[in-house]
Enquirer: 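Before I ask anything, here is the structure I am working with.
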Amino acid sequence: MRYLPLTPEDRSAMLARVGVDKIDALFESIPANKRLSRNLDLPLRRAEMDVQRLLSDMASKNRAAGSGPFFVGAGAYKHHIPASVDHLIQRSEFLTSYTPYQPEIAQGTLQAIFEFQTQVAALTAMDVANASMYDGSTATIEAVLMAHRITKRRKAILSGGLHPHYAEVVRTISRMTGDEVSSLPPDVPGAENLGAEIDAGTSCVVVQNPDVFGNLRDLSGLAAICKAQGALLIVAFTEAVSLGLVKAPGEMGADIVVGEGQSIGNSLNFGGPYVGLFATRSKYLRQMPGRLCGETLDAEGRRGFVLTLSTREQHIKRDKATSSICTNSGLCALAFTIHMSLLGEAGLRRLAKINHANAVDLADRLRRVPGVEVLNQSFFNEFTVRVPVRADALIERLAEKGVLAGVPASRLWPGESLDDLILVASSEVNTDEDRRAFVKALKGALSC
Amino acid sequence: MRYLPLTPEDRSAMLARVGVDKIDALFESIPANKRLSRNLDLPLRRAEMDVQRLLSDMASKNRAAGSGPFFVGAGAYKHHIPASVDHLIQRSEFLTSYTPYQPEIAQGTLQAIFEFQTQVAALTAMDVANASMYDGSTATIEAVLMAHRITKRRKAILSGGLHPHYAEVVRTISRMTGDEVSSLPPDVPGAENLGAEIDAGTSCVVVQNPDVFGNLRDLSGLAAICKAQGALLIVAFTEAVSLGLVKAPGEMGADIVVGEGQSIGNSLNFGGPYVGLFATRSKYLRQMPGRLCGETLDAEGRRGFVLTLSTREQHIKRDKATSSICTNSGLCALAFTIHMSLLGEAGLRRLAKINHANAVDLADRLRRVPGVEVLNQSFFNEFTVRVPVRADALIERLAEKGVLAGVPASRLWPGESLDDLILVASSEVNTDEDRRAFVKALKGALSC
Amino acid sequence: LEEPLIFEIGRPETTGVDLDEPEPFESRLGVLERHSPIGLPGLSEPEAVRHYVRLSQKNYSIDAGLYPLGSCTMKHNPRLNEAMARLPGFADIHPLQPQSTVPGALELIGEVARWLMTLTGMPAIAMSPKAGAHGEACGMMAIKSAIAAKGEASTRKIVLVPESAHGTNPASATLIGFDVRPVPAGPDGRVDLQAFRALLGPEVAAIMLTNPNTCGLFESDIVEIADAMHAVGAYFYCDGANFNAIVGKARPGDLGVDAMHINLHKTFSTPHGGGGPGAGPVVLSRRLAPFAPAPFLRQEEGGLRLVEHTRDDSQSFGRMTAFHGQMGMFVRALSYMASHGADGLRQASEDAVLSANYIRASLNDLMSQPFGDAPCMHEVLFDDAWLKPTGLTTLDFAKAMIDEGYHPMTIYFPLVAHGAMLIEPTESESKASLDLFIATLRDLAQAALRGETERFIGAPIHAPRRRLDETRAARNPVLKWTKPAPK
Amino acid sequence: LEEPLIFEIGRPETTGVDLDEPEPFESRLGVLERHSPIGLPGLSEPEAVRHYVRLSQKNYSIDAGLYPLGSCTMKHNPRLNEAMARLPGFADIHPLQPQSTVPGALELIGEVARWLMTLTGMPAIAMSPKAGAHGEACGMMAIKSAIAAKGEASTRKIVLVPESAHGTNPASATLIGFDVRPVPAGPDGRVDLQAFRALLGPEVAAIMLTNPNTCGLFESDIVEIADAMHAVGAYFYCDGANFNAIVGKARPGDLGVDAMHINLHKTFSTPHGGGGPGAGPVVLSRRLAPFAPAPFLRQEEGGLRLVEHTRDDSQSFGRMTAFHGQMGMFVRALSYMASHGADGLRQASEDAVLSANYIRASLNDLMSQPFGDAPCMHEVLFDDAWLKPTGLTTLDFAKAMIDEGYHPMTIYFPLVAHGAMLIEPTESESKASLDLFIATLRDLAQAALRGETERFIGAPIHAPRRRLDETRAARNPVLKWTKPAPK
């Protein structure tokens, strides 16, 4: 087998050194009646060529985002990733290394993490960021739990503009921990009064910006109310590119910022792996979950980087840890950092501006389609439209016409009577032609 | 521009150091009336995304070999290349390094070349091999010129089984040098009497095995005649995989062996880049063209590798060099070496056997199609069939049915009355289903 | 060569991504446009490539050398996996595009699920957990839900965790609201069965047991343990981190396991990537299956469908993550499993165990083992008793390995061994590679015993950095770059 | 760490490529089956990956550092190029599959041809030459054919080649059956116009002139030279190796050039790959166009057609290679050209020239220049006059650069400068990178002048190898591995 270097002769020689005559002698600690004596009912080994064929056949049944006009967002976004990003993260030394527990021979990974932490802190306008979480949704529940630890309160208020999957993750874990969650109903116009929900038992308010319907929210007032009530403001985002054009959570008074970093450097991947971003104020540092990289000196006084403050982590603190997370999204974070280094401030701002321009253009075209209404006052690169038919069926019809036109709200909020809404996203990858194709297909679908 | 690191401020500072006030001051040695003052009539710079779209659109208009049943050979062959080969040759340290003229910091490239030379010598059963040529055809004319230098004669005899493009390359250069070439007519059955062509002025005989029609040739007798007449036997091959199953040129008495190495490790690439293999007897070493890597010791007595015997080469010997070649096919040779290291002797033999088995199966199926005749007595993975219609039109019709069925002989030998012949190749990538599809499409095409 | 930070070489106005300024348009940002500087330097592509290539050159990797980290299973990462995960049909599909446009993706997830269920002998699986610890949480939530369904939520809250367990086990259990009780190890490095039985009772919800355990030993009493748990109405969570030892040799489902996460980034060769991403699907017993989280696959007329929301009458405990799990890792894992096949996977486990025992048998005369010298599974555990007389520590020994060109083994874990050195060679090493590693360790051990302490306490010398001051880093945390004050 | 040869670690029965034995079948090999051992070791995939990763780590590369090889143009190799060249529609198409199935490939070749003709201002192009020297042969064959067509084949056989030329120039001319005459350089490093004119006559076939020349200087008299050649019925071949200096700034076609090869692996960023592959398309003047080799593109009704055979009445001189040229390199080059655009290419040339002059102006107080200190093009030439008093050689200086983390510049070329050091930074270096390089060279130069010879003669120390014994290698050539005799 091509991945197994030992030859039959090697195995014999090694068994001899070990002092047993057959390999099964080494498995005798497994109860005899539980040992498998033959192969399981699965295919036998295959040539690389055959595996390639097997998987390529499956892949070819899927409609790739890049194969036609594509406007699906709602938590994951199609962006162009520079070719050098994938080249660099595939370097053996990044791809096949472990968590940098031996810093002397892991400075590459560690320095990249330090750059990542600095970038995330700058983007969110917060003091400190960790080395990544699994994704935006798991970062959100970690933020809620962190707020509970800090405030010693146990109730979270979830905005009706929070991605419903994020809300569901928070509710799921909270049910287990016995913490209280108050979820507000879907807030299409982004007009809910969150401040009014806060009481003395409120640990935190979780609000998303741009919210899941695309509305931009000025959170400064809410931050002030939170502060007054002793609750923490947790701001989530699902579209990291928005931070190039939209006021940062830290600028509006957030205590903890969490978000999905997929948009920068990472492919859609049908939902994973992605990279969760997590940032907070310095004063809350020791309640922060996840890995942290810090600067230090080596024995010769040269700058170097190490994992630090690991007394918060499970491998040291076990049941007292701030989180159970171990493996995080290291390589996705590296992709994020490389892509962000390539963009730089000027590139990110321009990328964000193009996204916004494309979305504005699309919204303006869609609102001119009879029967279609764009609901947003403000938005970044995603907005909500009302259509005069069932949105889910319409989306299927548009897909048949070659346009992947967005996410029907009913897919995210089944049973919430949002059946005529579609979340529509547009990024730099959409051409004018793509947008025209969307409008044309939409008109066609609505007229039949 | 994303590939240009200098900023406008950098440029100003640098101009100041240089002591000129504008960049054009550095171009004043170009006659003033020949300096361009504005952009040429070409598109301006484009985003990576846009270039990707431009090139992807062109690529998508081509029918990839892997997209359906594929039986085209005649000098280039579709084989499966292990994924690790491409990963390794894309390592920055291999991909973006120069010819290893500074051996202390190029041992990676040098050792790989040394392995390549050893592999090629073993495969061909010759004493020494060089570090690669451009491709099989240019290696062939280099071999002819080398034979002229060794024998001090100036006439080459080209077998009628030599790939006609190879023969044309030899004739083209020889016309320039004033050397004589005797090209035998296309030899479909592989039965020509080359020995009879040799005379006292003959420098070399060039014969291909398997020949271009697929026939296997026992060259031992011809080698003896060459030896007796003082001519050199040059054996060419276009399918390196054949060397895993077919007696090696060196075993049959070849003096120089040249061949196309594309089959191992290299994609079809519409004809290039490929990698020319070149091997000979030790006694002819100093007349060999091309780069050579040799073993030596460093100042501390450790084994190391260097380019050697470069007094044969153009950068030292200039007009007295054994060849003008400078840049060769380094990275393609590396791909060859890695793929060959993965195969090993057992893997190569089995790969060759599968190729042969698939070709035998295909030949047996095709010969049962009414009106179709397989002309070969012997073959490896390619053979010639006679069809009852014009082959070129038939190939087009089969292509329309999704089968790329081979090369019509008329494409290689226009005007030679070989209009009803097709060269058909089958490798390990062809499935049983592919072969059935070929037969079905062929029956369909012949019946309409 | 020193490599600066991007903040030291980049410039805010430089970009390695060419984009045209859009045509003028009317912004819809309202008052929320970001005006203040962000603080992100940009690099041209040549600078970025060189920066990250140079950084990479400061890393050790499995591609460049043996990486004997016990309990981490640093095995070869096949390159076919990477190529397959990058097929546009997998990498460039959106989790919320119509399911009708991604049948191949659902098929792939279904195939991975089938392989994992068959290899573990378990009837159900949750595919969405993002890594091992996330899988642990998933399994423990299924257990908690099952307990709640039986009306025992308020009484059954104790989770037993052996002292040798990974830290994630107690952390995950606590996260889910359980109380953790340690289970001591016996003198043979396995669960002390008597002590274990003494802990049982109606308040016990589950045991979290790693098997093979982190001492590299198979818990031979596993069936008794499982039966005892089930007898008191509790559940058996198995930490599958060490599944690599027994794939194709034994099935957790036959041993009484109720839930087990599978680290695709250990057993099934997806790359560790300097810390992630991983993937931690959880196989479930029949009794836990109803509680599995959404989303999950369902075979329907017309093909597979991904169920993203559960009905109100469902027992599903909810949702673990925004989307469907680590698709990119699923592709790699299936590529690996399909390549090996049932026979190759079994062979891989055998080779992993053989290689660990080969190392054990080649070092047992020099180095001490906390629980005596007996066959181990895929990793072999030494302690520092043999090193005591030299005055050197496990850390010193580990750092000296770096100078010999090796990544150290896992050290100071598991906690049940003093100064633990946990070596896992995996099945990916040739005999020549193992022999060289053994010779190097023997040479180092003999040097230590001869008193050549200077070779150890100053190590590493031949590394991009000498030993780094971790105390300094923690005392005054510098967690991001800040612009130095102008001099 | 030492890395053995594959022959020392591989085994003939091991393979990293799994293939099933075919069903039994009747061989058609006749008597020609190969039975004797071949001598090829095999490696499993983990072994092969590690072996070649480790070998790679012994190489310097442009991705890891400045690579100032004069006349080699080691510029950044964009990664987009690599991705594009691997699209199945380019990488996985056969040169002999029906032309109707590859219209996009023909379009691509046509586009590359259009860009190159526009940038050079030349009306025709031969795309098939495989590298620079092959392109030289192509151009010289076109010239020879044109001469023959005029009936001067037997009388016009002299090719003028300046002393500073690349070795490929005289080698190519000789290969084609010309006789080479050297043209001396004047005191300013350019062609000595008077000496040149003295060589002219009816026997002169062509001049091969590199411009900018290998001293980094533009041949200011180029129009006079071209006119003089044409006046005597001869042709002007331009070696385009240094085209990177003038792309978008001047067009060879405007200067009277008849033929010029273009190194796509220099000017247009296709990677050097440790020695190749390159690509050397040749642009041709109107008078040489009829002699271009097959295959070539022709616009026909229904689209582009690749003409693979020329009719008997054609003046085409024949065929240079089996197929259509270096398609993989064409894709990369177009990716590069389309990315830059007309404006970016012009800027690149300006930056390349500016960077070379910046180095010149920063080192001219310490190091000597053979032809005085004056603006250069994209490379700057120093000689060893300044080093003479130290007793050190150019080689010593070059090897000491290795210890500072740099690849040496081109040394001992061109031959017209004593102990030449030819530095070409290209446009890919940032100012910070240039400044560090300059500082390092100044530091080294000052150390040399201070007499710190030991830092040079023993160099390199910090490299995978110390200086290698090239004489030993040449005296007793060991060109392949042979099995050592058993002891």
Side-chain angles (χ1 to χ4, degrees), chain A residues 1 5 10 14 18 29 39 42 44-45 55 58-59 61-64 72 88 91-93 96-97 99 104-105 107-109 118 122 134 137 165 168 172 176-177 216 267 269-273 294-296 298-299 304 308 314-315 318-319 321 324 327-328 330-331 342 344-345 347 357 378 407, chain C residues 12 15-17 22 30 32 39-40 42 52 55-56 58-63 84 87-89 91-92 94-96 101-102 104 130-131 133 167 170-172 174 176 218 273-278 318-319 322-324 326-328 341-342 344 357-358 361 430-431 463 465-466 473 478 480-481:
Chain A
M1 206 275 143
D10 291 336
M14 290 164 69
V18 172
S29 53
N39 288 329
L42 289 165
L44 299 183
R45 66 181 177 194
L55 290 167
M58 286 186 202
K61 293 177 194 166
N62 305 323
R63 176 107 54 95
V72 187
L88 289 164
R91 297 256 320 153
S92 291
E93 295 86 342
T96 75
S97 62
T99 306
E104 297 88 352
I105 45 175
Q107 285 297 302
T109 294
T118 308
Y134 305 133
S137 68
H165 289 177
E168 198 179 340
T172 296
M176 298 293 161
T177 55
L216 299 185
S267 301
N269 283 329
F270 202 50
E295 186 182 313
T296 189
D298 82 348
T308 192
Q314 47 74 25
H315 67 281
R318 303 177 75 85
D319 54 320
S324 71
T327 295
N328 61 17
L331 203 70
L342 283 164
E345 184 140 346
S378 64
V407 181
Chain C
T15 182
V17 180
L32 287 185
L40 294 169
Y52 290 103
L55 284 190
S56 78
K58 299 175 192 292
N59 272 3
Y60 194 91
S61 69
I62 181 74
D63 276 4
M84 295 298 97
L87 291 171
D92 192 30
H94 191 288
L96 295 176
T101 64
V102 289
K130 306 286 261 184
S172 299
T174 308
I176 306 311
F218 193 90
R319 171 178 280 275
F323 300 116
H324 325 315
Q326 306 287 66
M327 182 68 171
N357 278 283
Y358 183 65
S430 69
K431 181 166 176 295
R465 282 290 177 274
R466 303 292 297 271
V478 177
K480 67 174 181 184
W481 181 83

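Letters go in sequence order (proteins before strands), and every chain restarts at 1.
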Enquirer: Based on non-hydrogen pairs under 4.5 Å, which of A/Gly347, A/Gly108, A/Gly344 is most in contact with chain C?
Expert: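 When all of A/Gly347, A/Gly108, A/Gly344 are compared, A/Gly108 has the most.
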Enquirer: Give a yes or no answer on whether the side chain of C/Thr15 reaches the backbone of A/Leu342 with a donor-acceptor pair at less than 3.5 Å.
Expert: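 Flag set: sc C/Thr15 to bb A/Leu342 pair under 3.5 Å.
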Enquirer: With chain C as the partner, which of A/Ser97, A/Gly272, A/Gly294 has the greatest number of non-hydrogen pairs under 4.5 Å?
Expert: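 Option with the top pair count is A/Ser97.
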Enquirer: Could you look at A/Leu216 and say if it's the side chain, the backbone, both or neither that has a heavy atom under 4.5 Å from chain C?
Expert: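 Backbone plus side chain of A/Leu216, per the 4.5 Å heavy-atom cut-off to chain C.
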Enquirer: May I ask you to name which of A/Thr327, A/Ile105, A/Leu331 has the most heavy-atom pairs under 4.5 Å with chain C?
Expert: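 Maximum pair count with chain C is reached by A/Ile105.
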Enquirer: Among the options C/Gly30, C/Gly344, C/Ser430, pick out the one with the most heavy-atom pairs lying under 4.5 Å from chain A.
Expert: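 Looking at each option in turn, the highest pair count goes to C/Ser430.
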Enquirer: What residue in C/Met327, C/Met84, C/Arg319 has the most heavy-atom pairs under 4.5 Å with chain A?
Expert: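 Heavy-atom pairs under 4.5 Å are most numerous for C/Arg319.
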Enquirer: Using a cut-off of under 4.5 Å on heavy-atom pairs, state which of A/Ser137, A/Gly304, A/Ser324, A/Ala299 scores highest against chain C.
Expert: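 Of A/Ser137, A/Gly304, A/Ser324, A/Ala299, A/Ser324 has the most heavy-atom pairs under 4.5 Å with chain C.
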Enquirer: Would the distance check show the side chain of A/Asn328 and the main-chain N or O of A/Gly330 forming a donor-acceptor pair, the cut-off being under 3.5 Å?
Expert: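 Checking the backbone N and O of A/Gly330 against the side chain of A/Asn328, a donor-acceptor pair under 3.5 Å is found.
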Enquirer: Tell me whether C/Thr101 contacts the main-chain N or O of A/Arg63 through its side chain, where contact means a donor paired with an acceptor under 3.5 Å.
Expert: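 A pair under 3.5 Å: no.
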Enquirer: Would you mind telling me which of C/Pro95, C/Ala342, C/Gly42, C/Gly278 has the largest number of heavy-atom pairs within less than 4.5 Å of chain A?
Expert: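 Most heavy-atom pairs under 4.5 Å with chain A: C/Pro95.
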Enquirer: Side chain, backbone, both or neither: which part of C/Leu32 has a non-hydrogen atom closer than 4.5 Å to chain A?
Expert: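 Both backbone and side chain of C/Leu32 come within 4.5 Å of chain A.
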Enquirer: Give the intermediate values and the outcome of side-chain contact (heavy atoms from CB on, under 4.5 Å) for residues C/Lys431 and C/Tyr358.
Expert: CA-CA 9 Å; C/Lys431 181 166 176 295; C/Tyr358 183 65; 3.5 Å; yes
Enquirer: Short question: side chain of A/Arg318, backbone of A/Ala321 - any donor-acceptor pair under 3.5 Å?
Expert: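 Not confirmed, A/Arg318 side chain does not pair with A/Ala321 backbone.
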Enquirer: If only atom types and distance count, is the side chain of A/Thr96 paired as donor or acceptor with the main-chain N or O of C/Ile62 below 3.5 Å?
Expert: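 Answer holds: yes.
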Enquirer: Quick check for you: among C/Gly275, C/Gly89, C/Ala463, C/Gly341, which has the greatest number of heavy-atom pairs under 4.5 Å with chain A?
Expert: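 That would be C/Gly275.
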Enquirer: Is there side-chain contact between C/Ser61 and C/Asn59, with heavy atoms separated by less than 4.5 Å?
Expert: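 The answer is no; the side chains never approach within 4.5 Å.
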Enquirer: If you count heavy-atom pairs within less than 4.5 Å of chain C, which of A/Leu44, A/Leu88, A/Val407 leads?
Expert: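 If we count pairs closer than 4.5 Å to chain C, A/Leu44 comes out on top.
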Enquirer: What residue in C/Ala91, C/Ser172, C/Gly328 has the most heavy-atom pairs under 4.5 Å with chain A?
Expert: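 The answer is C/Ala91.
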Enquirer: Please classify the contact of A/Ser267 with chain C as side chain, backbone, both or neither, using a heavy-atom distance under 4.5 Å.
Expert: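 It is both, since atoms from each part get that close.
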Enquirer: Considering all heavy atoms of both residues, which atom of C/Pro277 and which atom of C/Gln326 are nearest to each other, and what is their separation?
Expert: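 Smallest interatomic distance, heavy atoms only, reads CB-NE2, 3.8 Å.
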Enquirer: Measure distances from A/Met14 to the heavy atoms of chain C and classify the residue's part below 4.5 Å as side chain, backbone, both or neither.
Expert: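 For A/Met14, backbone and side chain are both near chain C.
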Enquirer: With no hydrogens and no angle check, is any side-chain donor or acceptor of A/Glu345 less than 3.5 Å from a backbone partner on C/Gly39?
Expert: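 Flag set: sc A/Glu345 to bb C/Gly39 pair under 3.5 Å.
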Enquirer: For each of C/Ala131, C/Gly318, C/Ala361, C/Ala473, tally heavy-atom pairs with chain A at distances under 4.5 Å, and name the one with the top tally.
Expert: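 The option with the most such pairs is C/Ala473.
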Enquirer: Among the options A/Asp10, A/Thr99, A/Thr118, pick out the one with the most heavy-atom pairs lying under 4.5 Å from chain C.
Expert: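 That would be A/Thr118.
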Enquirer: C/His94 and A/Phe270: aromatic ring centres closer than 6.0 Å?
Expert: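 No, ring centres 6.0 Å or more apart.
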